[in-house]
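Just so we're clear, the structure is a prediction, and the values are computed from it rather than from any experiment.
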Amino acid sequence: MSLALPIPAEHKDLIHDVALDYYGRRMATCSSDQSVKVWDLQEDGQWKCMANWKTHAGSVWKVTWSHPLFGQLIATCSFDRTAALWEETGALLLVMFGTINELIENFPLK
């Protein structure tokens, strides 16, 4: 029998998706609070939040990890009609997909 343990995710709104990395030792969550959180599985079996950043101008609906061959990449998609590819180390935005009007509106170029 499996034992389910609660994870105090501490998102400020509804969590829409949870994804484990290829090895099952890292987890990403996304939420209506427009953020993604990255968690590491500790030796005691508890999950510890290692990173938290605002990713979009709307609710984040899906999150997924890349295969480890491509590095620590996380893809997200949002209610703001954009999808983004993030390098997890430092939460660096690598590329964002959407119409140029949506991108300028949500992430002004300066």
For the residue pair His56 and Ala84, what are the closest heavy atoms and their distance? CE1-CB, 3.9 Å
Could you work out, with salt bridge (charged side-chain N to carboxylate O under 4.0 Å, His left out) as the rule, every residue matching Asp13, not counting sequence neighbours? none
Can you name the residues that form a side-chain hydrogen bond (donor to acceptor under 3.5 Å, both in side chains) with Ser66, not counting sequence neighbours? none
Give the intermediate values and the outcome of side chain to side chain contact (heavy atoms under 4.5 Å, CB included) for residues Trp86 and Val36. CA-CA 10 Å; Trp86 305 86; Val36 167; 5.8 Å; no
All side-chain hydrogen bond (donor to acceptor under 3.5 Å, both in side chains) counterparts of His11, not counting sequence neighbours: Thr29, Asp33, Ser35
Which pair of heavy atoms, one from Ser59 and one from His16, lies closest together, and at what distance? CB-NE2, 4.2 Å
Rounded to the nearest 0.5 Å, the CH2 atom of Trp53 sits from the CD1 atom of Ile74 at a distance of 4.0 Å
May I ask whether Leu73 and Leu69 are part of the same hydrophobic cluster, defined by side-chain heavy atoms of I, L, V, M, F, W, Y residues being less than 4.5 angstrom apart, directly or through others? yes
Nearest heavy-atom contact between Lys37 and Ala9 is NZ-O, 3.0 Å
Side-chain heavy atoms under 4.5 Å apart, restricted to Ile/Leu/Val/Met/Phe/Trp/Tyr: what other residues fall into the cluster of Ile15, or is it alone? Ile7, Val18, Leu20, Met27, Trp39, Leu41, Trp47
Can you check whether Lys12 reaches Ser31 side chain to side chain, under 4.5 Å on heavy atoms? no
Cys49 vs Glu10, side chain to side chain contact (heavy atoms under 4.5 Å, CB included): CA-CA, chis, key distance, verdict: CA-CA 10 Å; Cys49 184; Glu10 299 174 3; over 6 Å; no
For Trp65 and Ala19 the tightest heavy-atom approach is NE1-O, 3.2 Å
Could you tell me if the ring centre of Phe79 sits under 6.0 Å from that of Trp61? yes
Any residue meeting side-chain hydrogen bond (donor to acceptor under 3.5 Å, both in side chains) with Asp21, in chain and number order, not counting sequence neighbours: none
Would Val60 and Leu14 show up in the same hydrophobic cluster when neighbours are defined by side-chain heavy atoms closer than 4.5 Å? no
Partner set under side-chain hydrogen bond (donor to acceptor under 3.5 Å, both in side chains) for Thr64, not counting sequence neighbours: none
